[in-house]
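First comes the structure, then the notes that go with it.
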Amino acid sequence: MPEMPEVETIRRDLCAPLLGRTIERVTFLWPRTAANMPSEEMAARLQGRKVVALRRRGKYLIIDLDPACHLIIHLRMTGRLHLYPGRTPAQKHTRVITELDNGAELHFWDQRKFGRFYCVEDENEVVGKLGPEPLADDWTVEAFKEALNKRRAPIKSLLLNQQIVAGIGNIYADEALFFAGIHPLRPGNSLNDDEVWHLHQAIRYVLREALKAQGSTFSTYRRPGEETGAYQLQHQVFRRTGKPCPVCRTPIERIKVGGRSTHFCPRCQV
DNA sequence: ACCACAACCTGGCCGC
DNA sequence: TGCGGCCAGGTTGTGG
């Protein structure tokens, strides 16, 4: 579920409560959450380390620890991080409990069990292949054009490819294509310079606005204090099948692109 | 290298 | 009420 604006919102919420805290104990209730080593080993490695920074790369949350290593978390479809001020019992879908030195607990809640924790010394083992950050200065229109110009796959599928640009998921792909007026099935290499420019602008616009609204909540996304996001109230097309296009009133259509639900205005997006 | 698709999981919803 | 089928915001592995 969580895309870049959701993960960034979670990162910002967790900074104050986690920075400077020492991990006293980690308990994996669903051991396969530990992705790159046995869960007992990961728990032992994390114990006693102090949180020195929280960063984000694409949809990954990176927790820098001292002595030096990184705990990297991907929430996948339904993962949430809940922060509690004191000892708190596990809920039905709690998969990992992290106890901190001030008595607080960070719970990883994940209904569908797809979320993953990585513990690494070199973060590039996990995030090394990601494409550029969409809101960073180094993600230029030229770089985007270069990434698209030999690809025949539908532009919607290319936007979901984290090696082209990191952090876009199904919601913001559909929303950005709507603002750019581009049909989701258009082959990547069929976009002209003007269209690539508009799409680049649209991606940045949508992600910034979603960030301001602290993400989109449809079902399971929650912030660490369990607040919802608000950007779903501003969606133009996503999950609005049959409702009028906000620009031309034509009913929004839903199709499958690369196996993913895709929402668009058949009149505005060509 | 690129692309399509199944697999990983649980639960909600819809129709019968 | 119960059951089958479909749906879900992500990523990876497999095979063409």
Side-chain angles (χ1 to χ4, degrees), chain A residues 1-10 29-36 56-61 72-81 91-96 108-118 125-131 146-178 184-190 203 206-207 210-211 213-223 228-242 254-264:
Chain A
M1 87 204 206
E3 308 181 25
M4 185 277 250
E6 289 76 22
V7 179
E8 178 62 17
T9 299
I10 290 165
L29 306 175
W30 178 252
R32 288 167 64 182
T33 303
N36 66 328
R56 180 194 54 75
R57 188 73 176 84
K59 302 172 193 170
Y60 292 86
L61 179 67
I72 305 184
I73 298 174
H74 198 301
L75 303 170
R76 296 281 182 99
M77 299 285 262
T78 55
R80 303 182 192 169
L81 290 165
Q91 297 179 13
K92 183 178 177 187
H93 301 300
T94 303
R95 309 301 182 195
V96 185
F108 178 63
W109 183 100
D110 186 21
Q111 182 185 98
R112 289 176 72 182
K113 300 180 174 174
F114 290 162
R116 292 291 179 263
F117 281 32
Y118 304 82
E125 288 175 31
V126 180
V127 299
K129 288 183 179 166
L130 291 177
E146 177 67 23
L148 298 180
N149 71 10
K150 289 198 175 72
R151 304 295 206 111
R152 290 167 291 119
I155 186 63
K156 164 71 185 273
S157 301
L158 296 173
L159 290 182
L160 296 178
N161 181 336
Q162 302 299 298
Q163 299 191 42
I164 291 177
V165 55
I168 301 174
N170 213 29
I171 297 174
Y172 303 114
D174 283 4
E175 293 294 305
L177 286 168
F178 172 78
L185 286 172
R186 289 273 303 281
N189 61 5
S190 76
I203 288 166
V206 163
L207 294 176
L211 211 38
Q214 292 157 322
S216 303
T217 296
F218 275 106
S219 53
T220 57
Y221 167 66
R222 296 291 186 284
R223 294 167 56 192
T228 59
Y231 193 66
Q232 68 280 1
L233 303 173
Q234 296 177 62
H235 288 178
Q236 311 291 301
V237 291
F238 189 78
R239 291 224 187 160
R240 297 182 54 80
T241 313
R254 188 177 78 146
I255 59 173
K256 286 275 180 195
V257 180
R260 312 297 303 281
S261 271
T262 299
H263 315 74
F264 70 105

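Naming: A, B, ... by sequence-line order, numbering from 1 per chain.
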My validator wants the stems of DNA chain C: runs of 3 or more consecutive Watson-Crick or G-U pairs, both distances under 3.5 Å, written as range with range.
B:2-8 with C:10-16, B:10-16 with C:2-8
Quick test: give all pairs of protein nitrogen or oxygen and nucleotides 1-3 of chain B nitrogen or oxygen below 3.5 Å, distance rounded to 0.1 Å.
unit_1, atom_1, unit_2, atom_2, d
dC3(B), OP1, Arg152(A), N, 2.7
dC3(B), OP1, Ala153(A), N, 2.8
dC3(B), OP2, Arg151(A), NH1, 2.5

For a side chain to side chain contact (heavy atoms under 4.5 Å, CB included) check, start with the C-alpha distance between Ile73(A) and Val7(A), then their side-chain angles and the critical distance, and finish with the verdict.
CA-CA 10 Å; Ile73(A) 298 174; Val7(A) 179; over 6 Å; no
Closest to side chain of Met77(A), choosing from dG9(C), dC8(B), dT11(C)
dG9(C)
Output the rounded distance in Å from CZ (Arg254(A)) to P (dG9(C)).
9 Å
Hey, are Glu6(A) and Tyr172(A) close enough side-chain-wise for a donor-acceptor pair under 3.5 Å?
yes
Which is true for Tyr172(A) with a 4.0 Å heavy-atom rule: it touches a base, it touches only sugar-phosphate, or it touches nothing?
nothing
Counting side-chain heavy atoms from CB outward, which of dT12(C), dG10(C), dG11(B) is closest to Arg260(A)?
dG10(C)
Expressed as a whole number of Å, how far does the P atom of dC6(C) sit from that of dA6(B)?
13 Å
Going by ring centres under 5.5 Å and near-parallel planes (under 30°), is Phe114(A) stacked on dG10(C)?
yes
Looking only at dG9(C), dT12(C), dT10(B), the nucleotide nearest the Phe238(A) side chain is dG9(C)
When all nucleic acid strands are considered with a 4.0 Å heavy-atom cut-off, which category describes Ser157(A): base, sugar-phosphate, or nothing?
nothing
Whether the side chain of Arg239(A) and the base of dG9(C) hold a donor-acceptor pair under 3.5 Å is what I'd like checked.
yes
Among dG9(C), dG11(B), dT11(C), which nucleotide has an atom closest to any side-chain atom of His93(A)?
dG11(B)
